[in-house]
Each structure stands twice: as C-alpha cells, then as structure tokens.
Peer 1: 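For reference, the structure I am asking about is given below.
Residues: numbered from 1 along the sequence shown. This one's a predicted model, so the numbers in the text were calculated from it and none came from an experiment.
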Amino acid sequence: MINRYAVCSSPLCNFNTRGNEITIKFCPLCGGNLAYNCPHCNEYIFHKNSLYCAECGKRLKPTPENGKAES
C-alpha cells in the first residue's frame, strides 16, 4: 500500500500527516488549509516534508515572505 501525505499550506508551518483516508481539513498547529494534492498538477503527495511535487517539480506551497520556513 502506498501512503499519501497531507501538508499544511502555510509557508511557515511544517505540519504534515500520513494516511490514505485523511479526514481533517485544517492544520492543528496553525489553522492553515491542508493540501492533499499538488496545487499545480493535482498529483498526490507521497513524501513526508515534501517542498516540491514529485510529478511536476513545482512548489507545494508559497515561499515564506522572509525566505525561510520555521523548523
């Protein structure tokens, strides 16, 4: 079975969760929307902590305004 991930869409949040039947819609850490698919090509997210889509190579979420994401 292939695991899918959801990542927080906020550029400053590193939350992610694994599961094939994910039911939450918002990040429990910051309240941002969770992304289950690439916003550019709609491919599933298959890797934890992904910054770029494995299919199309585009960023999964915007670049933070200060240029750095929080750890």
Peer 1: Side chains of N49 and N14 only: does a donor on one sit below 3.5 Å from an acceptor on the other?
Peer 2: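 N14 and N49 do not have a side-chain donor-acceptor pair below 3.5 Å.
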Peer 1: Working to the nearest 0.5 angstrom, can you tell me the gap between N3 CG and I45 CD1?
Peer 2: 13.5 Å
Peer 1: List the residues meeting side chain to side chain donor-acceptor pair (under 3.5 Å) with Y44, not counting sequence neighbours, and say none if there are none.
Peer 2: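 If we apply the side chain to side chain donor-acceptor pair (under 3.5 Å) test to Y44, skipping adjacent residues, there are no hits.
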Peer 1: Quick one: NZ on K48 to CZ on R18, what's the gap to the nearest 0.5 Å?
Peer 2: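 Going from NZ on K48 over to CZ on R18, the span is 8.0 Å.
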Peer 1: Let's go through F46 and R4 carefully: what are the C-alpha distance in whole Å and the side-chain angles of both, what is the deciding distance for side chain to side chain contact (heavy atoms under 4.5 Å, CB included) to 0.1 Å, and is it a yes or a no?
Peer 2: CA-CA 5 Å; F46 292 112; R4 292 176 25 199; 4.1 Å; yes
Peer 1: Out of curiosity, N16 CG to L34 CG, how far, rounded to the nearest 0.5 Å?
Peer 2: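 N16 atom CG to L34 atom CG measures 9.5 Å (nearest 0.5 Å).
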Peer 1: What is the distance from atom OG of S9 to atom CZ of F26, rounded to the nearest 0.5 Å?
Peer 2: 9.5 Å
Peer 1: Do the side chains of P28 and F15 get nearer than 4.5 Å, heavy atoms only?
Peer 2: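 Yes - at least one pair of side-chain heavy atoms lies under 4.5 Å apart.
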Peer 1: Output yes when a side-chain donor or acceptor of K61 lies under 3.5 Å from a complementary backbone atom of C8, and no otherwise.
Peer 2: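 Looks like yes, one N/O pair under 3.5 Å.
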Peer 1: Within the structure provided, determine whether C38 and C56 are in side-chain contact (heavy-atom separation under 4.5 Å).
Peer 2: yes
Peer 1: Sub-3.5 Å donor-acceptor pair from the side chain of K58 to the main-chain atoms of H40, do we have one?
Peer 2: no
Peer 1: Which value, rounded to the nearest 0.5 Å, describes the distance between R59 atom CZ and S50 atom OG?
Peer 2: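 OG of S50 is found 11.5 Å from CZ of R59.
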Peer 1: Working to the nearest 0.5 Å, report the span between CD of E43 and CG of L60.
Peer 2: 11.0 Å
